[in-house]
Amino acid sequence: MRGELELARPRAVPAPGVLRSPWVRRALILAALIAAWQVYVTVAQVKPLLFPSPTAVGEALVRDLTSLSIPRSTVTTLQFLVIGTLVGAALGLLLAAFSITSPIGHELLSILTSIFNPLPGVAILPLAMIWFGLTPTAIIFVVAYATVWPIAISTDMGFRTVSPTLQMVARTLGLKGFRLVADVLLPAALPHLLSGLKVAWAFGWRTVVAAELVFGVAGAQGGLGWYINTARYFLETPRVFAGLVIISLLGIAVEYAFRLVEFRTIERWGMKKTG
Amino acid sequence: MTPVVIVDNVQITYVDAGGRRFVAVDGVSFDVREGEKFVIIGPSGCGKTTLLRAIAGFVAPSRGTVLVGNVPVREPGPDRAVVFQDFDQLFPWRTVLDNVVYALAVTGRARGRAAVERARDFLRLVGIEAAADKYPHQLSGGMKQRAAIARALAIEPKILLMDEPFGALDAITRTQLQHELNRIWRETGVTIILVTHSIQEAAYLGHRVLVMSTNPGRVQAIVRTDHVEDMDGEAFAEATRRLRHLLGGEAEGQPVPAAEITRKEVGEAQ
Ligand SMILES: Nc1ncnc2c1ncn2[C@@H]1O[C@H](COP(=O)(O)OP(=O)(O)OP(=O)(O)O)[C@@H](O)[C@H]1O
Ligand SMILES: [Mg+2]
């Protein structure tokens, strides 16, 4: 037994204290990447206008964070994104619920998704501008449009793959209609629903940034897409980079939030799909 | 006294997507008395599950009638609780206790504190009160089946329908749960209809055993086994012999040892 354990131990030299933490390792890798970037920019003498140094980007970040122009733009973008995704999710859930409770609903969903799923959210933007003008409604509309299909499709799939045994148990308990959907189908479909939400969120994120790039200011304050586009217009390349950094950080934060939700729900209940 | 369940000349037909009809069981008649342990046994595919589904209300007979409490069965309902063979019959997002509490609340049997008290009583009855706060995925197969039995009994059904509830368990756990089921029946007096592949289980647990023949499923015989007290005596040996002969005398002439079928079933379920 003991001998086997000794053999099974990895060959690599054990990492010293602090390096054991994955967070420390990740921070170090990130620092190394940024340092490499800095070295490249200084040694190769790249034009700062094309490819600014990390210090320049850092300065732009700090400046625009403290002047609140980045926070304001972030809030604007997140507002569009959250409202759009909520509308999309609500419609998607409704469509999926209709699809599971009636054959007509099923056909409706499959026809709608085959028509609209191949049409990316940004492609709808010109239409949204004709319908709603340069208003926040137009952006929220395209985000809702981009998120509704992945959510409807995956929730419907989730509903359809609920274990037949569980459905029989539900019917034995007398569950029908809304109660059946809310109490049994929805939680049972949660793994699918969550992965649909993740896809929807990613689609919505791309769509909202792209829409803001095209759009400029809708309403009182421009979003992150607008921030980047304005910086490009004035050739303030470090600010363009600063905007990209913020978008990337937000993406990481959202990913982390999803993991947290999964950990608290489907992982805790042993429902996480493996593989 | 009229029986709780009357199955009268029942035929059940499955229609597949192409519209083809398949008669699964035909001309089946039997009744089950209040407080009885009624066992259905037969070769794989003879329609045991189909019959149980008809009593539960998941399928409607194409001929004949199924009466429960003198009322024709139209749809599933909490007066006919079902325990399945599969381990996935508990709601995975609820703890063991919540599974029972939810069933009580949603069927209107009990709410709030009363529901929790009652749920705990039934978890105690099946011997898993210690696991009340665990989630189903944290339980062993045997514990999951106990929890499912607790949930089914807690809603105080007229009949407890069980479709090979111990079929996917190992032999030791299985024997243990057979004894427990007998004890639970003594304590609650609930009417049980149990489907099984195991001759021993049928002889030990049943008051009467309905032996089915296949293609289409029909009643071959109804055997009284209510004098069987335990698995050691001559009564048990005699009853198992009788059942084995009935099952061995099938059209194909192949006596199938019950244990073997069970193993095959377990393999299929995985
Ligand atoms: N949903 C269905 N559609 C079509 N045919 C079915 C369906 N369910 C069962 N059958 C058929 O009806 C017959 C009886 O099936 P049933 O599941 O009742 O058998 P069983 O006695 O429970 O078998 P087992 O012991 O293997 O569980 C089988 O021939 C089966 O193929
Ligand atoms: Mg069966």
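Just so it is clear: chains get the letters A, B, ... in the order the sequence lines come, proteins before strands, and each one is counted from 1.
Interface check for chain A: of the options B:Gly57, B:Pro157, B:Gly77, B:Ala152, the most heavy-atom pairs under 4.5 Å are formed by B:Gly77. Chain B forms the most heavy-atom pairs under 4.5 Å with one residue out of A:Arg268, A:Met271, A:Arg179, and that residue is A:Arg268. Between chain A and the options B:Val106, B:Thr107, B:Val83, the largest number of non-hydrogen pairs under 4.5 Å is found for B:Val106.
Side-chain atoms of A:Thr265 and A:Pro187, non-hydrogen and from C-beta on, never get closer than 4.5 Å to each other. The shortest side-chain heavy-atom distance between A:Val169 and B:Val82 does not fall under the 4.5 Å cut-off. Two residues are said to be in side-chain contact when any heavy atoms from C-beta on lie closer than 4.5 Å; A:Val254 and A:Trp201 meet this criterion.
In this structure, no portion of B:Gln138 lies under 4.5 Å from any heavy atom of chain A. The contact between A:Leu175 and chain B is made entirely by side chain atoms (from C-beta outward), counting heavy-atom distances below 4.5 Å. Looking at B:Phe84, only its side chain comes within 4.5 Å of chain A, counting heavy atoms on both sides. Neither the backbone nor the side chain of B:Ala56 comes within contact range of chain A, judged by heavy atoms closer than 4.5 Å. Proximity to chain B involves both the backbone and the side chain of A:Met168, based on heavy atoms less than 4.5 angstrom apart.
The CG atom of B:Leu205 sits 7.5 Å away from the CD1 atom of B:Ile192 when rounded to the nearest 0.5 Å. Of the inter-residue distances, the one linking A:Glu255 atom CD with A:Leu260 atom CG reads 12.0 Å to the nearest 0.5 angstrom.
For B:Arg109, the CZ atom sits in a packed shell: over 12 heavy atoms of surrounding residues, nucleotides or ligands are nearer than 6.0 Å.
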